[in-house]
2 protein chains.
Amino acid sequence: MKWTKRQRQPKLKEHIKEDPFVTDEALAALFEVSVQTIRLDRLEMNIPEVRERIKDVAQKQYDPVKALPEEEIIGEIVDLELDKYAISIMDIKKEHVFSRNSIARGHHIFAQANSLAVAVINDQLALTAHADISFKRQVSEGERVIAKAKVLEIGTLRTKVKIESFVEQSLVFEGMFSMFREEKKIKEE
Amino acid sequence: MKWTKRQRQPKLKEHIKEDPFVTDEALAALFEVSVQTIRLDRLEMNIPEVRERIKDVAQKQYDPVKALPEEEIIGEIVDLELDKYAISIMDIKKEHVFSRNSIARGHHIFAQANSLAVAVINDQLALTAHADISFKRQVSEGERVIAKAKVLEIGTLRTKVKIESFVEQSLVFEGMFSMFREEKKIKEE
């Protein structure tokens, strides 16, 4: 069942409030209307596009990255609490895919996740010691990957970080990263 | 104890014959002479430099890569027998390292290994499904990483590939890759 504009717009607003990272494409599919309709709805309600919304969330709250200069992060950090969690987004472009089939190459998906595992560490130096990773489904050119890092355990030797990467709501990558950090090493010595 | 040139040169020749990938720097350390001395020794004996020697080995024998265009491989393939083994080299340059400490970033070391795991597969399509990876020691700018792939098992669902990457003789990375391949999938259906 399709809604009228008057029925749709408040629901759309509520949906975006709950999930500020949702794309116009996903909203169009959800509400069974065209992407153009979603854009017009947003314009009428003065809701910025997803990238602006994400930056907005980011500027409000996130910690500065310590373990590496922010411009060396693969993907764009949109949320971060050091030693707790972090989120980054990466748009899959031509340079990230195999020329034959436009499927994103594994090392780019890994680079985003690995970068985020480094960035979440509250230390001047963090390096990946070990990772157990799974590529859950193929990612194609034009898709946006949202990586979420969660610090599970800060041990004396290693810090464990879980990364899950999604396209829309579907899991495309997951990895358990075991990170070496400078400070912990110094404390041990 | 240092050898005279006359004593050193035959030993040097023999050593290079056994390990064509050895660098002048490693030979200099081994024979306790300067890199310049090794270069002069090679010139006198008409032994090409390591990169030329590697290409020479390569041109003699290696299979063409099937799973991706060769220019999409990260690193340079120097030896390959499809579904058996593969070797690639990658020189760590400024663009591969953290600006702060000149340590190679994990995703570049991973990219070389992952690429090689794809390249060794005798199929038109190969994708990484799972990987269990360890970074064994830091790699610095200017170092050359030699990655070696060995196909351990070709199962109906996955092909297992072991990758070990070295700088000189020391292990810097190892990973067990579980690869999806198109042909095997078709056979199953």
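Chain naming here is simple, since letters A, B, ... match the order of the sequence lines and numbering starts at 1 in each.
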Side chain, backbone, both or neither of A:Q112 within contact of chain B (heavy atoms, under 4.5 Å): neither

Is the shortest heavy-atom distance from the side chain of B:H130 to the side chain of A:D132 under 4.5 Å? yes

Below 4.5 Å, heavy atoms only, C-beta onward: do A:I133 and B:F110 meet side chain to side chain? yes

Pick whichever of B:P69, B:G175, B:A129 has the most heavy-atom pairs under 4.5 Å with chain A. B:A129

Quick check: do A:H107 and B:H108 have side-chain heavy atoms less than 4.5 Å from each other? no

Side chain, backbone, both or neither of B:A117 within contact of chain A (heavy atoms, under 4.5 Å): neither

Return yes when atom CZ of A:R6 has more than 12 non-hydrogen atoms of other residues, nucleotides or ligands closer than 6.0 Å, and no otherwise. no

Validation row: A:N114, B:R105 side chains within 4.5 angstrom (heavy atoms): no

I need the residue from A:I74, A:I103, A:N101, A:V118 with the largest number of non-hydrogen atom pairs under 4.5 Å to chain B. A:I74

Heavy-atom contact with chain A under 4.5 Å, split by part of B:L68: both

Side-chain contact test, heavy atoms from C-beta onward, threshold under 4.5 Å: evaluate it for B:L125 versus A:F98 and give yes or no. no

Residue pair A:R100 / B:Q124: nearest heavy atoms and the distance that separates them: NH1-O, 3.2 Å

May I ask you to name which of A:A111, A:A113, A:A131 has the most heavy-atom pairs under 4.5 Å with chain B? A:A131

